[in-house]
Student: 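Sharing a structure, written as structure tokens. Questions coming.
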Amino acid sequence: MPEVHTLTVAEVIAETGDAHSVVFELSPDQIEAFRYRPGQFLTLRIGTAARCYSLASAPHEGSRLKVTVKRTEGGYGSNWICDNIRAGSTVDVLVPAGIFTPADFDEDLLLFAGGSGITPVMSILKTALRQGNGRIVLIYANRDERSVIFGAELSTLVKEYSDRLVVLHWLESVQGLPSEAQLGALARPFAGFEAFLCGPAPFMAAAKQALEGLGWGRKRIHLEKFVSLGGNPFETEPSEPDTGETTELHVDLDGKQHELTWPRQRKLLDFLLDKGLEAPYSCREGQCSACACRIVSGEVKMLNNEILDSEDIAEGIVLACQSVPLTDEVSVTYE
Ligand SMILES: Cc1cc2nc3c(=O)[nH]c(=O)nc-3n(C[C@H](O)[C@H](O)[C@H](O)COP(=O)(O)OP(=O)(O)OC[C@H]3O[C@@H](n4cnc5c(N)ncnc54)[C@H](O)[C@@H]3O)c2cc1C
Ligand code: FES
């Protein structure tokens, strides 16, 4: 079973006309399970569905967790949250997940955010200012001035960290949609910075192409894609029929080595959780990449993959929640 916690809403903040922040208060026994890295997200149960929302708070700000939800026109979950969640509401939530987080907060960072894509970027930015010593450039695109989430907070941070933080606002109402060439021109002076991108798909595609055109290696470009989960990771799946065939599995997880006998029909994540190992995950559907790991030797087959690209796969990255073994021996690392 996934680790589900019921969290209490301490406060709801109207950030803009169509974006609400929901602040959760943790009870003392929930604090350990909800430790997170900047850039990670929570998965909320909404009726019979589930939706992921990035944490806009930063770990050093205390034990309150903040997600910021922007209404999607015609969307089920975002509108339900903005219309119904109030202080005192309770919500079922999965523990933090995701890999959109800098390995080193002393790096120089080039951050691209579009609309609600500011949420994980804000957490990364605040942490890097507080903990690191690198320079930070944020290129932040919005429809118009009224839709800028965290505008006042960013202005305060720019004043406080004027020697390290630059925020470049792009308003579609004034400048039109940002093109690849325009984003490239903004990014050009910051070659060598580690890049983090989050926002609408066309914005991320333009920013990624611009960076690649300027010679950024793909390992220095990190993307967080906002999609709605199709299934419901709060429900357990029925287990598959046992064929009796097995694979010898070697797993490197959290610095510990494990040797296990893996039933061929069982998905890697389900099997590791069966064995009591704390492997990361969120959607369990091949849509979020929270469960990503790397195959060191042997082969697996992914039953579904909606998030990894061909370059990830060429590097041996797979989604544990969708991987079943093809060879007699498989070695996996979560480094
Ligand atoms: C890791 C991660 C982090 C995220 N972080 C954030 C965040 O911080 N803030 C945030 O606001 N969002 C975030 N999201 C996105 C969020 O999870 C939801 O996808 C978003 O809120 C929209 O959900 P919804 O239920 O409102 O819309 P949905 O009901 O999923 O609908 C989305 C769109 O599809 C259309 N649609 C729905 N059903 C159909 C259908 N059958 N046929 C045709 N069209 C249809 C709707 O009209 C709507 O335009 C994140 C997603 C991920 C994966
Ligand atoms: S848990 Fe989301 S892709 Fe595997």
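All ligand and atom numbering here is 1-based and tracks the order in the structure. From a predicted model like this one, the values you see are computed outputs, not experimental measurements.
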Student: Taking it one step at a time, do R86 and E11 satisfy salt bridge (charged side-chain N to carboxylate O under 4.0 Å, His left out)?
Tutor: CA-CA 7 Å; R86 301 281 174 266; E11 194 186 349; over 6 Å; no
Student: Begin with the C-alpha distance, continue with both residues' side-chain angles, and end with the deciding distance and a verdict on ring-ring contact (aromatic ring centres under 6.0 Å, His included) for F112 and F196.
Tutor: CA-CA 6 Å; F112 285 86; F196 287 82; over 10 Å; no
Student: Quick one: list whatever passes side chain to side chain donor-acceptor pair (under 3.5 Å) with E194, sequence neighbours left out.
Tutor: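 Residues passing side chain to side chain donor-acceptor pair (under 3.5 Å) with E194: R220, H222.
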Student: Using only atom types and a distance under 3.5 Å, with no angle test, would you say the side chain of Q265 pairs donor to acceptor with the backbone of E245?
Tutor: no
Student: What protein N/O/S atoms are there under 2.8 Å from atom 2 (Fe) of ligand 2, waters excluded?
Tutor: C283 SG, C288 SG
Student: Taking the side chain as every heavy atom from C-beta outward, state whether D328 and R264 have any atom pair closer than 4.5 Å.
Tutor: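 Yes, side chains in contact.
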Student: Is any side-chain heavy atom of D309 less than 4.5 Å from a side-chain heavy atom of R218?
Tutor: yes
Student: Donor-acceptor pairs under 3.5 angstrom involving side-chain atoms of residues 127-143: please list them, not counting sequence neighbours.
Tutor:
unit_1, atom_1, unit_2, atom_2, d
T127, OG1, S123, O, 2.7
Y140, OH, I149, N, 3.0
Y140, OH, I149, O, 2.8

Student: What residues sit with at least one heavy atom under 4.0 Å from ligand 1?
Tutor: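 Lining ligand 1: F41, R51, C52, Y53, S54, T68, V69, K70, T72, E73, G74, G75, Y76, G77, S78, S116, T119, E224, K225, F226, V227, S228.
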Student: Do S21 and E15 have side-chain N/O donor and acceptor atoms under 3.5 Å apart?
Tutor: yes
Student: Would you say the side-chain atoms of Q287 pair up with the backbone N or O of G230, donor to acceptor, closer than 3.5 Å?
Tutor: yes
